[in-house]
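Excluded from the calculations below are hydrogen atoms, water molecules and symmetry mates; all remaining heavy atoms, backbone and side chain alike, are included. What you see is a predicted model, and the numbers here were worked out from it, not measured in a lab.
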Amino acid sequence: MLTHRRLPDRKETLSVSSGWHAHLDVLDDVLHERTPRGFWSNHAELEKAYEARFPA
């Protein structure tokens with residue numbers, strides 16, 4: 001589990017959550033000898049998913 005605390009607002013929480021998730025996806029790809037997915041395209045998709053999960 002990864003915990004990032006003291007984020008100032010929802011926008012920052014969505015961005016940081018998506019960023020950590022995207023970085024960990026790249027790490028997982030590398031460790032499994034797969035071509036890493038594109039960070040920013042993955043980040044954008046993850047941000048949409050987190051936005052749906054986190055209440056406004």
Side-chain angles (χ1 to χ4, degrees):
M1 177 190 292
L2 175 71
T3 303
H4 195 126
R5 292 185 161 83
R6 298 184 185 162
L7 298 168
D9 54 34
R10 182 174 187 269
K11 181 180 176 185
E12 189 74 13
T13 299
L14 293 173
S15 181
V16 170
S17 298
S18 303
W20 276 115
H21 194 149
H23 281 295
L24 293 172
D25 281 347
V26 170
L27 177 60
D28 186 61
D29 288 340
V30 170
L31 292 174
H32 287 95
E33 299 179 353
R34 297 184 296 249
T35 301
R37 60 198 90 187
F39 176 85
W40 289 109
S41 57
N42 189 29
H43 183 278
E45 291 300 315
L46 289 165
E47 198 165 47
K48 289 177 194 172
Y50 278 105
E51 189 165 13
R53 283 189 211 173
F54 292 167

Residues which pass ring pair (Phe, Tyr, Trp, His ring centres under 6.0 Å) with Phe54, listed by chain and number, not counting sequence neighbours: Tyr50
Straight-line distance of His23 NE2 to His43 NE2, nearest 0.5 Å: 8.0 Å
Ser17 side chain vs Leu14 backbone, donor-acceptor pair below 3.5 Å: no
Partner residues of Arg34 under the side chain to side chain donor-acceptor pair (under 3.5 Å) criterion, sequence neighbours left out: Asp28, Asp29
Value rounded to 0.5 Å, distance of OG in Ser15 from CD in Glu51: 11.5 Å
CG-NE2 distance between Asn42 and His21, expressed to the nearest 0.5 angstrom: 7.0 Å
Atom pair CD/CG of Glu33 and Leu31 - distance to nearest 0.5 Å: 9.0 Å
Any residue meeting salt bridge (charged side-chain N to carboxylate O under 4.0 Å, His left out) with Lys48, in chain and number order, not counting sequence neighbours: Glu45
Distance-minimising heavy-atom pair for Pro8 and Glu12: CD-CG, 3.7 Å
Step-by-step side-chain contact (heavy atoms from CB on, under 4.5 Å) determination, Asp25 to Leu46: CA-CA 11 Å; Asp25 281 347; Leu46 289 165; 4.0 Å; yes
Closest non-hydrogen atom pair between Pro36 and Val26, with its separation: CB-CG1, 4.0 Å
